[in-house]
K.L.:
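Can you read through this structure? Questions will come right after.
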Amino acid sequence: MKNPLIIIITVIILTITFFVSTDTPFFVKGYTKLKDSVSIIAGPGLILMNRITQGTRDTIDLYVNLTNVKKENATLKKKLEALQLENQRLAEFERESQRLKDILSFSQHNPNTLIAAHVTGEDIKNWFKCIIIDKGSNYALREKMNVITPRGLVGQVIEAHRWHAKIMVINDTNSSVDVFIDGRNTRGILEGTGQAKLKLKYVRKTDEAEIGDKLVTSGKDTIYQKGLPVGIITTITRGQAGIFADIDVVPFNDFKKLEEVLVIKK
Amino acid sequence: MRALLYICIGIILSILESAIFTFLPFEFFKPDLGLPLILYVSFFLEPQVGLIVSIFIGLTQEVFSSAPHGSIFFTKLSLFLIALFLKNKVYVDTKYSFSYYCGIFVIIESFLFIALSLVARGDTKNMLNVLFYTLPNAVFTGFLSLFVLPLVSYVNVKLSSRG
């Protein structure tokens, strides 16, 4: 054994970390402070890197568009090519503008309660479904705040660091949302599966539920506000054993393509 | 100085991992870019450098993950300890053998995470999800380690020549 001291130190740290994993408050408190200090360095780095990657992506998109335009309009004059390129850029601006207008209109209906944030990253492991936004405790974000888009529910804030916050998306395996079927007297628990589809659980086979029904939050879980649209039922299986139906739900949001989100201040 | 440089590389790689993969449409493959760095410092550098680098990479990765408190930190530090025990016992002569060990360590990390979840919190909810991604992650991490290894080796050679 060449490095007994290093091994002893590592084992001690591992033991402390084990207690952190068991959610022992004393250890978690200290560990959170340690993580916060690392996040002060890493948070701005993520925002910067996001801007660089966003810029690179825009340049690549522009290049791809330019190549396509050249292929399609090989015989046209340079002026026309420039105009078409400009047109494409305008279309992109229009889409962005529409998206931002939607967010703005939503914010105007809910004044002083919403904070718009930009998605800067995602969970480093694909074991969990989490997105990272560019607003944190510097914008008074706190745990359990609801995160939405004009289309529907995204998830909840699980950690707010100084420069960024982590959002647990509703398709994470640790996520559960109390929902009811819009227009019907049926309630259930919507659980994440770690995949694109969600599972609506504890709905009895005799309960009213049809494919195409929309789900909204019930507010009974005390985390999510009442009435937020969540997703749509895509399959219902009542043939299996047991008293509950097997129901698949597709969320309204495509969590892989989110660019901006809104955090509801409590 | 050496540890600081590897910590910086680790933080940059973790940030890259979190920022870039938002734009890529697939999530079936997700590499762990911090792992090749931990293995490199554990296998080839002084153990104290390995310990410091593992601690910082573990913490940084946890900052960018919704994993339960301490879980990624725990697995990263355990991997460092395992690598330390395997030092001088495994034969890493080419970047391909290094890539092979990176893949193996990703699989070990997944099982360590599952074991920790079970023992510390009795949590079995995410077990299938972790197992589902283990092999693709191992393959992709192994592949990308072929590019990470020359980078960290280059840094090491530059530092040694200056020292």
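Computed from heavy atoms alone, side chains included, the values below leave out hydrogens, waters and symmetry copies. Chain A is the first sequence line, chain B the second, and so forth, proteins listed ahead of strands; every chain is numbered from 1.
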K.L.:
Any Lys/Arg nitrogen of B:Asp32 or A:Lys125 sitting under 4.0 Å from an Asp/Glu carboxylate oxygen of the other?
P.N.:
yes
K.L.:
For A:Met49 and B:Leu16, run side-chain contact (heavy atoms from CB on, under 4.5 Å): C-alpha distance rounded to whole Å, both residues' side-chain angles, the deciding distance at 0.1 Å, then the answer.
P.N.:
CA-CA 7 Å; A:Met49 191 62 77; B:Leu16 258 174; 3.9 Å; yes
K.L.:
Flag the one option from B:Ala19, B:Ser65, B:Pro68 with the top tally of heavy-atom pairs under 4.5 Å to chain A.
P.N.:
B:Ser65
K.L.:
Would you indicate whether A:Phe18, at its atom CZ, is surrounded by more than 12 heavy atoms from other residues, nucleotides or ligands within a distance under 6.0 Å?
P.N.:
yes
K.L.:
Can you tell which part of A:Leu14 gets under 4.5 Å to a heavy atom of chain B, answering side chain, backbone, both or neither?
P.N.:
both
K.L.:
Is it the side chain or the backbone of A:Leu5 that comes within 4.5 Å of chain B heavy atoms, both, or neither?
P.N.:
neither
K.L.:
Ion pair present between A:Lys144 and A:Asp221, side-chain N to carboxylate O less than 4.0 angstrom?
P.N.:
no
K.L.:
Can you tell which part of B:Leu77 gets under 4.5 Å to a heavy atom of chain A, answering side chain, backbone, both or neither?
P.N.:
both
K.L.:
Counting heavy-atom pairs closer than 4.5 Å to chain B, which one of A:Val11, A:Val38, A:Asp36 comes out on top?
P.N.:
A:Val38
K.L.:
At a 4.5 Å cut-off on heavy atoms, which part of B:Leu33 comes close to chain A: side chain, backbone, both, or neither?
P.N.:
neither
K.L.:
If the contact rule is any heavy atom under 4.5 Å from chain A, which residues of residues 38-57 of chain B qualify, in numerical order?
P.N.:
B:Pro47, B:Gln48, B:Leu51, B:Ile55
K.L.:
So which bits of residues 117-138 of chain B come within less than 4.5 Å of chain A, counting non-hydrogen atoms only?
P.N.:
B:Val119, B:Ala120, B:Arg121, B:Asp123, B:Lys125, B:Asn126, B:Asn129, B:Val130, B:Phe132, B:Tyr133, B:Asn137
K.L.:
Among B:Gly58, B:Ala67, B:Pro31, B:Gly34, which has the most heavy-atom pairs under 4.5 Å with chain A?
P.N.:
B:Ala67
K.L.:
Does a side-chain N-to-carboxylate-O contact under 4.0 Å join A:Asp123 and B:Lys30?
P.N.:
no
K.L.:
Which ring pair (Phe, Tyr, Trp, His ring centres under 6.0 Å) pairs, counting each pair once, include a residue from residues 36-65 of chain A, with sequence neighbours left out?
P.N.:
none
K.L.:
Quick check on the interface: out of A:Ile167, A:Val28, A:Ile6, A:Thr22, who has the most heavy-atom pairs with chain B under 4.5 Å?
P.N.:
A:Ile6
K.L.:
Flag yes if more than 12 heavy atoms outside B:Tyr100 fall under 6.0 Å of its OH atom; otherwise flag no.
P.N.:
no
K.L.:
May I ask you to test the A:Val147-A:Gln156 pair for a side-chain heavy-atom distance under 4.5 Å?
P.N.:
no
K.L.:
With a sphere of 6.0 Å drawn around OH of A:Tyr202, does it hold more than 12 non-hydrogen atoms of other residues, nucleotides or ligands?
P.N.:
no
K.L.:
State whether the side chain of A:Lys135 and the backbone N or O of A:Ala116 hold a donor-acceptor pair below 3.5 Å, judged by distance alone.
P.N.:
yes
K.L.:
By a 4.5 Å heavy-atom criterion (distance strictly below it), what part of A:Tyr31 contacts chain B: side chain, backbone, both, or neither?
P.N.:
side chain
K.L.:
What residues, two or more places apart in sequence or in another chain, satisfy side chain to side chain donor-acceptor pair (under 3.5 Å) together with B:Tyr101?
P.N.:
none
K.L.:
Does this structure show an ion pair linking A:Lys199 with A:Glu191, if we count only N-O contacts that are shorter than 4.0 Å?
P.N.:
no
K.L.:
Can you tell me if A:Asp134 uses its side chain to pair, donor with acceptor, with the backbone of A:Trp163 under 3.5 Å?
P.N.:
no
K.L.:
Output the option from A:Ile13, A:Thr56, A:Leu48 having the highest count of non-hydrogen pairs under 4.5 Å with chain B.
P.N.:
A:Ile13
K.L.:
Go through A:Thr173, A:Thr53, A:Ile124 and name the one with the most non-hydrogen pairs under 4.5 angstrom from chain B.
P.N.:
A:Ile124
K.L.:
Side chain, backbone, both or neither: which part of A:Gln195 has an atom under 4.5 Å from a heavy atom of chain B?
P.N.:
side chain
K.L.:
Looking at chain A, which one of B:Leu116, B:Ile12, B:Val63, B:Ile11 has the largest number of heavy-atom pairs inside 4.5 Å, strictly under?
P.N.:
B:Val63
K.L.:
Closer than 4.0 angstrom, basic N to acidic O: yes or no for A:Glu122 and A:Lys166?
P.N.:
no
K.L.:
Assess the side chains of A:Thr120 and A:Asn50: does a donor N or O sit below 3.5 Å from an acceptor N or O?
P.N.:
no
K.L.:
Report the C-alpha separation of A:Thr234 and A:Asp248 in whole Å, then their side-chain angles, then the decisive distance to 0.1 Å, and conclude whether the side-chain hydrogen bond (donor to acceptor under 3.5 Å, both in side chains) test is met.
P.N.:
CA-CA 6 Å; A:Thr234 52; A:Asp248 286 337; 5.2 Å; no
